2 protein chains.
Amino acid sequence: MNHDSSLVNRLTDRLIAGELRPGERLSETALAKEFDVSRNTLREAFRVLGEQGLVTHIPHRGVSVASPSTADVVDIYRVRHHVECSVLEHAPRNHPNAVRMEAAVEAAERFAAEENWLEVGTANMAFHNAVVSLSDSRRLMQSFSNVLAELRLAFLKVEVLDFLHAPFISRNKEVIEVYRTEGSAAAAKILGAYLGDSERQVLGAYARAGQD
Amino acid sequence: MNHDSSLVNRLTDRLIAGELRPGERLSETALAKEFDVSRNTLREAFRVLGEQGLVTHIPHRGVSVASPSTADVVDIYRVRHHVECSVLEHAPRNHPNAVRMEAAVEAAERFAAEENWLEVGTANMAFHNAVVSLSDSRRLMQSFSNVLAELRLAFLKVEVLDFLHAPFISRNKEVIEVYRTEGSAAAAKILGAYLGDSERQVLGAYARAGQD
DNA sequence: CTAGCACTCATTGTTCAACAAACATAGACG
DNA sequence: CGTCTATGTTTGTTGAACAATGAGTGCTAG
């Protein structure tokens with residue numbers, strides 16, 4: 001995805017894989033040693049991750065893996081509503097990137113069959129990134145991708161990947177189907193409802209987990 | 001605006017003030033000396049500015065002030081359409097932050113009277129940031145703010161601040177007026193047309209300036 | 001016993017000097 | 001005229017060092 005600084009990639013990989021858990025403190029010296037880089041280069045990587053929202057930086061207290069609060073989840077879903085729905089609503093009828101959406105759904109189904117929920121989640125992210133790619137806007141895709149990555153940390157925080165992802169594969173398919181047959185506006189409505197339900201599920205999981 | 005790392009602020013101030021011109025190469029040693037910081041800290045600041053799109057970083061070739069191409073301008077206006085229109089369309093009837101929009105317009109009028117076009121541009125940015133603030137989403141505001149800052153670099157690049165900003169003050173007022181009287185949906189339509197015209201103006205200026 | 005306080009220790013913030021690696025420039029050469 | 005090489009400059013990265021801040025500890029006084 002990012003073809004720049006390999007260090008940022010290595011860190012994001014660990015983050016979205018859940019190997020660095022939300023809220024976990026990231027010691028500079030420890031991580032520098034682990035990734036075999038100097039503290040200074042690690043700090044540069046921290047700054048970009050911080051700007052992407054994957055990591056929280058508090059001056060003189062170091063950085064931790066972002067640990068989205070319920071307020072953050074609500075905020076993230078606000079972004080999703082505005083961006084995803086608006087893009088889908090105004091998408092041209094047969095946008096080439098629709099195949100990306102289909103590919104993502106197929107991948108999700110494959111991984112769901114294997115009960116590999118982490119990869120199902122990745123495929124789900126790919127689906128929604130594909131939706132936003134219908135905008136043909138690099139910046140929109142970039143910003144949105146960051147927000148989705150942050151949302152994944154929210155999923156990891158409450159540790160119920162299966163329950164959160166499984167029911168939504170079929171709804172992804174429905175979005176594609178409606179987009180193909182009835183057009184953008186109808187599909188955007190479906191997607192909006194989808195997102196509302198998804199948000200409720202996540203917030204419910206937060207409440208059950210007793211998280212803030 | 002940003003109350004974190006003072007260095008990033010100092011740099012962004014110089015950038016949006018046009019003192020560091022679009023495309024200008026930013027030498028690490030030179031800038032480090034000028035801002036009286038070490039190369040390493042400057043590089044950390046470069047990473048966040050790079051992530052914000054204000055600065056372009058090419059490995060082994062250093063960073064330059066972002067110099068948006070016409071493709072970038074088109075991309076930026078795509079973001080603006082999706083974000084601003086969607087937010088305004090779904091904004092509640094009497095959102096408290098509407099006063100921010102009005103304050104921005106008044107500031108723009110004051111500065112226009114003084115023919116201080118740089119500050120008119122700043123006030124215009126404040127207006128559109130205020131529009132997005134109707135979403136009550138921190139992330140949407142943050143991302144959007146970055147995109148607007150990048151657009152200002154586009155204005156600075158073609159050096160026609162007055163021509164680009166002056167005609168749009170009244171249209172800002174119109175957006176507020178329609179939002180107050182006819183509601184969100186109507187205002188969003190007006191704003192959409194506004195943005196379309198604005199985009200054409202900027203692209204026209206690019207063409208006249210013979211820029212890519 | 002507990003609240004407050006000084007002290008200690010660990011971590012981050014920042015700088016500096018050094019070197020490797022990539023790039024840009026200029027001059028030599030065919 | 002174009003290409004290649006040599007040289008110099010800039011970035012990428014490191015390690016060590018020190019200052020500044022925060023966190024934890026144990027002491028003291030009430």
Side-chain angles (χ1 to χ4, degrees), chain A residues 1-15 19-69 142 150 153 212, chain B residues 1-15 19-69 142 150 153 212:
Chain A
M1 194 172 282
N2 284 319
H3 32 328
D4 61 303
S5 170
S6 158
L7 178 57
V8 172
N9 291 331
R10 280 193 284 169
L11 282 164
T12 52
D13 286 348
R14 300 272 303 258
L15 285 168
E19 296 171 24
L20 300 173
R21 298 199 53 76
E24 181 179 342
R25 174 79 180 291
L26 299 179
S27 158
E28 293 187 349
T29 52
L31 262 194
K33 189 172 296 180
E34 185 171 344
F35 283 87
D36 197 43
V37 293
S38 81
R39 256 184 77 213
N40 285 339
T41 20
L42 179 63
R43 282 171 63 88
E44 288 186 24
F46 276 174
R47 293 304 169 268
V48 350
L49 293 175
E51 209 60 23
Q52 293 177 351
L54 285 177
V55 131
T56 300
H57 178 212
I58 303 176
H60 292 284
R61 283 198 216 176
V63 318
S64 328
V65 180
S67 180
S69 66
Q142 188 70 50
E150 206 178 339
L153 294 185
D212 58 297
Chain B
M1 193 171 281
N2 283 319
H3 31 332
D4 60 304
S5 170
S6 159
L7 178 57
V8 173
N9 290 332
R10 281 193 285 168
L11 282 165
T12 51
D13 286 348
R14 301 270 305 258
L15 285 168
E19 297 171 24
L20 300 172
R21 299 199 53 76
E24 180 180 344
R25 175 80 180 290
L26 300 179
S27 159
E28 293 187 351
T29 52
L31 262 194
K33 189 173 295 180
E34 185 171 344
F35 283 86
D36 197 42
V37 293
S38 80
R39 255 183 79 211
N40 292 68
T41 20
L42 179 63
R43 281 170 63 89
E44 288 185 24
F46 275 175
R47 293 304 169 267
V48 349
L49 293 175
E51 209 62 21
Q52 292 176 351
L54 285 177
V55 131
T56 300
H57 177 212
I58 303 177
H60 292 285
R61 283 198 216 175
V63 318
S64 329
V65 180
S67 179
S69 66
Q142 187 69 51
E150 206 178 339
L153 295 186
D212 58 296

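Predicted, not measured: the structure shown is a model, and the values here were computed from it. Naming convention: chains lettered A, B, ... in sequence-line order (proteins, then strands); numbering from 1 in each chain.
With values rounded to the nearest 0.5 angstrom, A/D36 atom CG is found 11.5 Å from A/L42 atom CG. Taking CZ of B/F46 as the reference point, atom CG of B/L11 lies at 6.5 Å (rounded to 0.5 Å).
One finds no side-chain N or O of A/T29 lying less than 4.0 angstrom from the OP1 or OP2 phosphate oxygen of C/dT11. Under 4.0 angstrom from either OP1 or OP2 of C/dT12 there lies at least one side-chain N or O belonging to A/R25. For D/dT10, neither phosphate oxygen OP1 nor OP2 lies less than 4.0 angstrom from any side-chain nitrogen or oxygen of B/S27.
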Per-nucleotide pairing state of DNA chain C [Watson-Crick or G-U, under 3.5 Å; [ ] pseudoknot-crossing; | other strand]: ||||||||||||||||||||||||||||||
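If B/G62 and A/S38 are placed on DNA chain D by their nearest nucleotide, the residue sitting closer to the 5' end is B/G62. Of the two residues near DNA chain D, B/H60 and A/N40, the one whose nearest nucleotide lies more 5' is B/H60.
Rounding to whole angstrom units, CD of residue B/E44 and P of D/dT13 are separated by 13 Å. The separation between B/K33 atom NZ and C/dT15 atom C1' is 15 Å, rounded to whole Å. Atom CZ of A/R43 is separated from atom C1' of D/dT14 by 15 Å (rounded to the nearest Å). Rounded to a whole Å, the CD atom of B/E28 is 15 Å from the C1' atom of C/dC16. Protein atom CG of B/L42 is 11 Å distant from nucleotide atom P of D/dG12, rounded to whole Å. Summarising the geometry, the separation between NE2 on B/H57 and P on D/dT11 is reported as 9 Å, rounded to the nearest angstrom. Atom pair A/R61:CZ and D/dG22:P shows a separation of 7 Å (rounding to whole Å applied). In this structure, B/F35 atom CZ and C/dT14 atom P are separated by 15 Å, rounded to whole Å.
At a cut-off of 3.5 angstrom, counting only N and O atoms as typed in the model, there is a donor on one side and an acceptor on the other between the side-chain of B/R39 and the base of D/dG12.
Among all heavy-atom pairs drawn from B/A66 and B/T56, the shortest one is CA-OG1, 3.8 Å.
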Could you go through residues 22-32 of chain A and list every donor-acceptor pair under 3.5 Å that involves a side-chain atom there, pairing it with any protein atom two or more places apart or in another chain?
from: A/E24; atom 1: OE1; to: A/R21; atom 2: N; distance (Å): 2.9
from: A/R25; atom 1: NE; to: A/R61; atom 2: O; distance (Å): 3.3
from: A/R25; atom 1: NH2; to: A/R61; atom 2: O; distance (Å): 3.4
from: A/S27; atom 1: OG; to: A/T29; atom 2: OG1; distance (Å): 3.3
from: A/S27; atom 1: OG; to: A/A30; atom 2: N; distance (Å): 3.3
from: A/E28; atom 1: OE1; to: A/R39; atom 2: NE; distance (Å): 2.9
from: A/E28; atom 1: OE1; to: A/R39; atom 2: NH2; distance (Å): 3.0
from: A/E28; atom 1: OE2; to: A/R43; atom 2: NH1; distance (Å): 2.7

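Proximity of B/E44 to A/V48: side-chain heavy atoms (C-beta onward) are nowhere separated by under 4.5 Å.
At distances below 3.5 Å, not a single donor-acceptor pair connects side-chain atoms of B/T41 with backbone N or O atoms of B/V37.
Contact annotation for A/L26: backbone-only contact, meaning every heavy-atom pair under 4.0 Å involves sugar-phosphate atoms and none involves a base.
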Before giving the answer on salt bridge (Lys or Arg N to Asp or Glu O under 4.0 Å), spell out for B/E34 and B/R14 the whole-Å C-alpha distance, their side-chain angles and the decisive distance to 0.1 Å. CA-CA 12 Å; B/E34 185 171 344; B/R14 301 270 305 258; 2.9 Å; yes
